[in-house]
Amino acid sequence: MAKRKRLTPARPDYLDEAAAAPETKSMFPLGVARHSPPIAQVAGSAATQAALEEVTEELRTARATGRLVQTLPLDAVDETHLVRDRLSADDTEMEALTESLRARGQQVPIEVVELSEGRFGLISGWRRLTALKALYRDTGEDRFATVLALLRQPESASDAYLAMVEENEIRVGLSYYERARIAARAAEQGVYPDETAALRGLFASASRAKRSKIGSFMALYHALDTELRFASSIPERLGLALVKALKEDPMSRKRISQALQANPAGTPAEEAEILTRAMMPPDKKAPESAKTESENFGDITLNRGKGGTRLVLSGSGVSEEFLGKLRAWLKAQT
């Protein structure tokens with residue numbers, strides 16, 4: 001006969017002891033514990049470290065390949081790193097750019113190349129950098145103390161020059177003189193073996209006719225660059241006429257240079273008029289419509305075309321005060 005098992009009486013404090021007892025494997029379904037085992041902790045830590053390294057490498061790559069916009073101090077960017085292609089900036093255009101930066105901040109990054117730790121050379125964006133410097137100088141506001149930039153890694157100096165020229169051609173086209181000058185200067189700097197290679201390299205996308213005109217303006221650059229004050233404003237037709245005169249008349253260079261030095265122009269229009277007169281040989285009669293009569297009034301010279309339909313005032317006496325009085329007098333006559 002089987003022996004019966006004696007049962008112990010129920011314990012009312014059992015639940016209290018169970019609550020105070022340490023957790024055991026049998027307390028959880030399917031043997032799942034609340035704390036991860038050591039191997040799981042190691043695997044999780046390794047995965048986190050790998051993810052962090054991947055993000056860090058991606059940021060490093062994005063920065064190196066120019067996909068990461070950086071904030072740089074204005075004085076960390078060397079704007080003379082390359083010979084600039086643009087000789088000057090139009091006052092109206094610069095004023096519009098400055099007001100845009102003041103109102104909306106910088107929207108398009110400049111392009112730079114890293115020179116050394118903390119130093120960068122400007123490739124493109126000279127107008128934006130110049131406008132930001134002017135705003136910071138005038139306002140002292142911290143938001144104008146830095147510039148947004150993309151880091152580039154041009155394989156050669158010619159790539160850097162090409163990037164600068166292309167950026168300016170897209171935004172605000174260069175004049176023929178500026179195009180010719182940067183091609184000539186790039187050749188002088190040894191970036192290209194000669195001017196023909198510079199012309200083809202920098203303006204490969206331009207038509208053959210356009211490259212030919214740029215090449216013609218190179219002669220003007222070599223002959224008169226140091227004498228011209230408003231070279232970037234020389235119209236295409238006048239520039240080509242000057243180049244033709246320089247080629248056909250050996251004395252024209254000296255004559256034009258002396259005319260520019262004798263009566264320094266105060267405006268692009270004045271310089272264009274001086275160039276137009278000076279490139280004509282002395283023994284060649286000027287067209288009747290181009291003849292002028294000159295009168296001197298102290299420090300002011302009045303040039304009047306035949307028939308009196310065109311007046312040109314020049315000289316040191318043509319000051320802002322004089323122009324103000326002249327405008328007032330003209331208003332009173334109307």
Visitor: Grab the two heavy atoms, one from Gly118 and one from Ala76, that are nearest each other, plus how far apart they are.
Guide: O-CB, 3.5 Å
Visitor: Could you walk me through whether Asp225 and Tyr177 pass the side chain to side chain contact (heavy atoms under 4.5 Å, CB included) check?
Guide: CA-CA 10 Å; Asp225 186 64; Tyr177 189 92; 2.6 Å; yes
Visitor: Quick one: are Leu97 and Thr130 in side-chain contact, heavy atoms under 4.5 Å?
Guide: no
Visitor: Any side-chain heavy-atom pair from Val147 and Arg128 closer than 4.5 angstrom?
Guide: no
Visitor: Check whether more than 12 heavy atoms from other residues, nucleotides or ligands sit under 6.0 Å from atom CG of Asp194, and answer yes or no.
Guide: yes
Visitor: Within a strict 4.5 Å, meaning less than it, do heavy atoms of the Val112 and Leu150 side chains meet?
Guide: no
Visitor: Establish whether Val243 and Phe230 are linked, either directly or via other cluster members, by ILVMFWY side-chain heavy-atom contacts under 4.5 Å.
Guide: no
Visitor: Check whether any side-chain heavy atom of Leu82 sits under 4.5 Å from a side-chain heavy atom of Trp126, and report yes or no.
Guide: no
Visitor: Are Met251 and Leu220 linked, directly or through intermediate hydrophobic residues, by side-chain heavy-atom contacts shorter than 4.5 Å (ILVMFWY only)?
Guide: no
Visitor: Please evaluate residues Arg200 and Tyr192 with respect to the criterion side chain to side chain contact (heavy atoms under 4.5 Å, CB included), reporting the C-alpha separation (whole Å), side-chain torsions for both, the decisive distance (0.1 Å), and the verdict.
Guide: CA-CA 10 Å; Arg200 291 175 179 171; Tyr192 294 93; over 6 Å; no
Visitor: So which heavy atom on Ala186 is nearest to which on Leu202, and how close?
Guide: CB-CD1, 4.3 Å
Visitor: Looking at CZ of Phe120 and CG of Asp78, how far apart are the two atoms once the value is rounded to the nearest 0.5 Å?
Guide: 12.0 Å
Visitor: Hey, is the main chain of Ala272 close enough, under 3.5 Å, to the side chain of Thr276 for a donor-acceptor pair?
Guide: yes
Visitor: Contact between Arg185 and Glu188 at the side-chain level, heavy atoms closer than 4.5 Å - yes or no?
Guide: yes
Visitor: For atom CD of Glu141, is the number of surrounding heavy atoms from other residues, nucleotides or ligands below 6.0 Å larger than 12?
Guide: yes
Visitor: Run the side chain to side chain contact (heavy atoms under 4.5 Å, CB included) test on Ser252 and Met279 for me, step by step, so that the C-alpha distance in whole Å, both residues' side-chain angles and the decisive distance to 0.1 Å come before the verdict.
Guide: CA-CA 6 Å; Ser252 61; Met279 70 178 175; 5.7 Å; no
Visitor: Can you tell me how far CG of Asn263 sits from CD1 of Ile274, rounded to the nearest 0.5 angstrom?
Guide: 4.5 Å
Visitor: Hey, does Ile110 have a side-chain heavy atom less than 4.5 Å from the side chain of Leu72?
Guide: no
Visitor: Nearest 0.5 Å, please: how far is CG in Leu101 from CE in Met94?
Guide: 8.5 Å
Visitor: In Å and rounded to the nearest 0.5 Å, what is the OG1 to CG distance from Thr146 to Leu132?
Guide: 8.0 Å
Visitor: At their closest point, which heavy atom of Val113 faces which heavy atom of His81, and how far apart are they?
Guide: CG1-NE2, 3.5 Å
Visitor: Is it true that Glu178 and Arg181 make a salt bridge, defined as a side-chain N closer than 4.0 Å to a carboxylate O?
Guide: no
Visitor: Would you say that more than 12 heavy atoms from the other residues, nucleotides or ligands in this model lie under 6.0 Å from the CD of Glu320, or not?
Guide: no
Visitor: Let me confirm one number: the NZ-OG distance from Lys210 to Ser205, rounded to the nearest 0.5 Å.
Guide: 7.5 Å
Visitor: Do other residues, nucleotides or ligands put more than 12 heavy atoms under 6.0 Å from Arg119 CZ?
Guide: yes
Visitor: Quick check: closest heavy atoms across Asp249 and Arg255, and the distance to 0.1 Å?
Guide: OD2-NH2, 2.9 Å
Visitor: Rounded to the nearest 0.5 Å, what's the gap from NE2 on His222 to CD on Glu195? Could you check?
Guide: 3.5 Å
Visitor: Could you report the tightest heavy-atom contact between Gln261 and Pro264, atom names first, then the distance?
Guide: O-CD, 3.7 Å
Visitor: What's the shortest heavy-atom distance between Arg211 and Ala204, and which atoms?
Guide: NH1-O, 3.5 Å
Visitor: Side chains of Leu240 and Lys244, heavy atoms from C-beta outward: is any pair under 4.5 Å?
Guide: no
Visitor: Could you go through the salt bridge (charged side-chain N to carboxylate O under 4.0 Å, His left out) check for Glu270 and Arg229 one step at a time?
Guide: CA-CA 10 Å; Glu270 287 182 12; Arg229 300 184 64 187; over 6 Å; no
Visitor: Using 4.0 Å as the upper bound for N to carboxylate O, is an ion pair formed by Arg253 and Glu227?
Guide: yes
Visitor: So Met218 and Arg179, side chain to side chain contact (heavy atoms under 4.5 Å, CB included) or not? Walk me through it.
Guide: CA-CA 9 Å; Met218 283 185 181; Arg179 294 184 183 109; over 6 Å; no
